[in-house]
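Single-structure report; data block below.
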Amino acid sequence: MIRQNGKGFIVIGKQACLHILFYGKKTVRFAYSRDQYLPASTIAVIAEPEQREAQIDGYELQTGGLIISVNPETLAVEISDQDGKIYSEDIAVSFADKLIRKKILGESGIYGNGEKYTWLNQIGTKTTNYCSDVLFHNPIQHPQEEEMHTAIPFYLGASPDLAYGIYFDNTHRTYFDFGKSNPDLISFQADGGNLDYYFIAGPQVADVVKGYGHLTGTAPLPRKSVLGYHQSRYSYSSEEELLAVAEDLRKYDIPCSVLYMDIHYMDAYKVFTVDRDRFKNFESMLKKLKDMGFLVVVIVNPGVKAEKGYAVYEEGLNNNYYVTRPSGEVYYGEVWPKPAVFPDFLRSEVRQWWGEKYRWLLDCGVGGIWNDMNEPTDFTLEIGTLPADAVHKTDDGVKLPHREVHNIYAMLQTMSTRTALEGLQPDKRSFVLTRAAFAGSQRYAALWTGDNASVWEHLENSIPMLLNLGLSGYSFVGADVGGYRGDCSGELLVRWTQLGAFYPFFRNHSEIDTAPQEPWTYPQKILDITRKYIRLRYRLLTHYYNLMRESTLTGQPAIRPLFYHYQDDPETYHINDQFLLGESLMVCPVTRPGANHRQVYFPQGLWFDYWSGEPIEGGRYLSVEAPLEKLPLYVRAGTILPHDDIDSVDYISYTEAKSLTMHCYAGQDGRYRLYLDDGFSDEFKHGRYSELEFFLTDDRNEPGLTVKTLHEGYAIPGISYKYILPGSRK
Ligand code: GLC
């Protein structure tokens with residue numbers, strides 16, 4: 001019998017119990033336990049279970065349009081809707097092995113799984129999740145099933161008539177097989193922990209993504225400026241060098257909002273120190289950069305140099321803040337500063353201690369924090385990270401092995417960072433960047449995909465990688481533009497900047513000893529084209545900001561694979577090299593050298609060429625021209641797209657356009673909700689924002705526009721309109 005049990009339901013089987021709980025109308029948790037106690041959720045889950053009325057008939061439960069039936073012998077589950085459509089069907093459940101096998105039910109695609117070096121659609125593949133410092137995304141050394149920097153045990157299954165998601169709430173190493181070993185089966189399993197997962201029913205892809213956002217949280221609203229261009233290098237290693245970069249950016253008229261200080265700014269790689277030989281006037285340099293309109297982000301890694309007399313190290317040692325060996329001795333590993341110890345971020349006391357250290361950096365004028373090497377990386381062992389039996393402690397003093405904490409180590413570090421930053425500057429929005437992440441990390445930090453290389457394959461692969469991250473709750477993501485390792489050719493830089501201008505996180509970064517990768521170090525033509533696309537990003541900044549706000553509110557990613565909005569079109573399920581910004585701007589990057597054409601798939605409906613305004617009937621592939629200076633971009637009919645008028649404002653004001661032009665592409669049901677605020681403070685939480693709603697009343701020849709003010713709490717810039725009709729050219 002299924003019985004009511006607290007807020008949820010329980011089935012008591014012979015070997016185990018199954019708890020069924022609801023977290024929203026269509027999110028159902030299935031947690032197996034030895035006894036009748038509900039296992040604790042991990043830190044990923046922030047939603048609370050909801051009490052639900054349900055009809056129970058023996059081993060069948062009906063609520064919210066879902067029918068759940070449980071096999072009393074095996075505790076296997078089947079989920080369907082009232083029309084008899086089966087969403088999920090267990091073939092085997094092994095409580096002892098922490099394993100579930102489900103039948104493949106005709107899914108056209110499997111997506112998500114966080115950061116993966118894979119194609120968009122992961123059906124027929126398998127993968128494991130254990131945060132790992134993989135170098136250079138090498139598919140031979142690191143085939144798809146290898147671990148990457150993130151461990152996000154969430155996948156999304158989609159077909160034209162249904163979509164669902166499964167989040168396996170387990171911090172251990174997890175294994176997923178999407179029909180690789182057996183084309184009829186999907187399985188997932190963990191090395192330890194609980195057999196506890198959440199099923200999110202669609203039927204639309206967006207329903208699933210929103211359900212996952214509700215479950216694990218969404219990113220806070222970023223500063224508008226951090227949606228602009230970021231310039232970085234390992235490392236701008238002196239004051240003169242960093243200031244010269246800032247001046248060059250201004251001199252060459254390249255809009256840029258954020259600059260980076262990589263590991264060389266520290267004294268011998270000691271966190272929370274500055275090398276005063278290289279950065280004599282650290283504070284006044286930061287002030288100067290701030291006055292020039294830049295936010296400066298510094299890297300802060302978890303490894304603390306083990307050096308007698310170094311205050312941070314000794315404080316942590318005296319307070320037992322570091323990860324230990326099973327014997328209780330502190331564990332010494334090796335990172336940039338050579339011998340290093342690792343703060344045990346599992347404890348709130350350690351997170352607070354660490355967080356407090358940022359006070360000094362912020363006081364110096366640092367604008368944001370980059371938490372790298374937080375898988376955590378350890379150079380001493382072949383496994384590249386801490387030994388699985390290293391010991392962490394909970395706030396209650398319970399010892400947990402590293403194998404259980406490993407996947408959330410980075411999340412705990414970024415939690416410490418963001419909480420501290422928000423506490424230290426409560427009226428401003430904080431910027432934190434991370435390399436490693438777990439489910440829910442989107443609440444604390446933006447993410448970049450680590451050390452790629454300056455090769456076309458990595459440009460190409462960044463598209464599905466970032467799209468899958470977006471489907472896994474992670475909207476604020478990007479890859480190093482131009483590639484990290486190796487020298488980037490001018491052509492590659494152009495193509496990558498064209499693409500990067502549409503990454504949510506848009507940063508050019510490269511490795512030490514590579515050729516300079518800043519746009520102005522290339523010939524004039526390359527500089528001119530990259531500038532054009534960086535400027536395009538700033539023209540679309542308000543639109544981007546609106547999309548990121550949507551991510552904050554609903555969990556929907558800013559960039560989306562085509563099937564997200566064309567779920568009924570099977571042609572879209574495998575498209576790796578095109579994507580949508582929001583709902584209606586289709587970005588079609590060139591991913592091959594020498595190409596001056598590419599194939600574009602136009603989904604059903606009318607599209608407009610962004611550059612020429614030419615109308616294109618969809619529902620077909622077309623070969624389009626793409627000379628070096630052109631990124632093929634298309635806009636769906638019925639779109640309203642705000643553009644910042646940046647030409648009239650100076651760089652510092654880039655985040656706050658003085659005026660906007662709404663580009664209106666004639667078509668049905670055009671609608672845009674425009675959100676405006678100061679872009680950096682928390683004043684919006686106190687009503688200091690404005691929201692307008694625009695409606696495009698079509699007919700194809702004579703569009704009209706109506707505007708409604710939904711909220712007025714912030715100065716509304718001047719707005720003008722530009723109509724793009726099928727018969728007109730831009
Ligand atoms: C790691 C990071 C890279 C950084 C380097 C030095 O490799 O992924 O971005 O530049 O460390 O800090």
Side-chain angles (χ1 to χ4, degrees), residues 115 117 131-138 141-142 147-150 230-238 241-242 245 258-275 278-279 296-305 333-338 340 342 361 366 368-379 384-385 409-410 413-414 417 431-437 441 445-455 458 462 465-466 469 477-488 496 500 503 505-518:
E115 174 193 279
Y117 192 95
C131 297
S132 176
D133 178 3
V134 277
L135 277 179
F136 319 126
H137 300 176
N138 182 337
Q141 259 174 315
H142 302 285
E147 291 103 14
M148 294 284 290
H149 303 96
T150 74
H230 301 220
Q231 183 65 56
S232 180
R233 178 169 181 82
Y234 168 22
S235 299
Y236 295 131
S237 54
S238 71
E241 199 182 343
L242 188 60
V245 170
V258 190
L259 290 174
Y260 283 72
M261 298 182 74
D262 205 323
I263 51 175
H264 286 98
Y265 82 91
M266 291 178 275
D267 170 23
Y269 307 140
K270 285 184 274 194
V271 283
F272 306 113
T273 68
V274 166
D275 183 331
R278 295 169 184 272
F279 295 92
V296 179
V297 172
V298 300
I299 197 165
V300 179
N301 295 336
V304 174
K305 188 173 175 73
E334 196 174 290
V335 218
W336 302 126
K338 292 284 160 55
F342 300 86
L361 284 171
V366 161
I369 302 295
W370 172 16
N371 287 155
D372 183 26
M373 308 292 272
N374 51 5
E375 291 71 24
T377 303
D378 176 4
F379 299 148
T385 189
Y409 188 82
Q413 186 199 20
T414 54
T417 306
F431 177 71
V432 183
L433 178 68
T434 187
R435 191 170 69 182
S441 284
L447 179 142
W448 102 107
T449 59
D451 302 338
N452 57 4
S454 300
V455 296
H458 286 184
S462 70
M465 196 184 278
L466 298 179
L469 270 162
V477 290
D480 284 345
V481 168
Y484 176 71
R485 163 146 287 194
D487 298 345
C488 180
W496 215 322
Y503 287 167
F505 172 67
F506 178 26
R507 181 180 74 156
N508 175 321
H509 180 57
S510 58
E511 199 185 17
I512 194 166
D513 294 333
T514 56
Q517 202 164 285
E518 296 77 19

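We count ligands from 1, going down the list as the structure has it; atoms in each ligand are counted the same way. Worth knowing before you read on, the calculation uses all heavy atoms, side chains too, and leaves out hydrogens, waters and symmetry mates.
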[X]: numbered ligand 1 atoms lying under 4.0 Å from its heavy atoms:
X: Ile299; answer: 12 (O)
X: His509; answer: 3 (C), 4 (C), 9 (O), 10 (O)
X: Tyr234; answer: 5 (C), 6 (C), 10 (O)

Is the backbone N or O of [Y] less than 3.5 Å from a side-chain atom of [X], with the two atoms forming a donor-acceptor pair by type?
X: Tyr265; Y: Ile299; result: yes
X: Thr385; Y: Pro376; result: yes
X: Asp480; Y: Asn452; result: no
X: Ser454; Y: Gly482; result: yes
X: Glu147; Y: Val134; result: no
X: Asn374; Y: Ala436; result: yes
X: Glu115; Y: His149; result: yes

Checklist entry - Any idea which protein heavy atom is nearest atom 5 (C) of ligand 1, and the distance to it? => result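 For atom 5 (C) of ligand 1, the nearest protein heavy atom comes out as Tyr484 OH, 3.3 Å.
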Item to check | Minimum-distance protein heavy atom relative to atom 7 (O) of ligand 1 | outcome: Asp451 OD2, 2.7 Å
Item to check | N/O separation below 3.5 Å, Arg435 to ligand 1 | outcome: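 Min N/O separation from ligand 1 is below 3.5 Å for Arg435.
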Item to check | Tyr260 touching ligand 1 at heavy-atom level, < 4.0 angstrom | outcome: no
Checklist outcome for this item: The answer for which part of Glu511 has a heavy atom under 4.0 Å from ligand 1 is neither
Checklist entry - Which bit of Trp448 is near ligand 1, meaning a heavy atom under 4.0 Å away: side chain, backbone, both or neither? => result side chain
Checklist entry - Which is closest to atom 11 (O) of ligand 1 by heavy-atom distance: Asn452, Asp372, Asp262, Asn301? => result Asp372
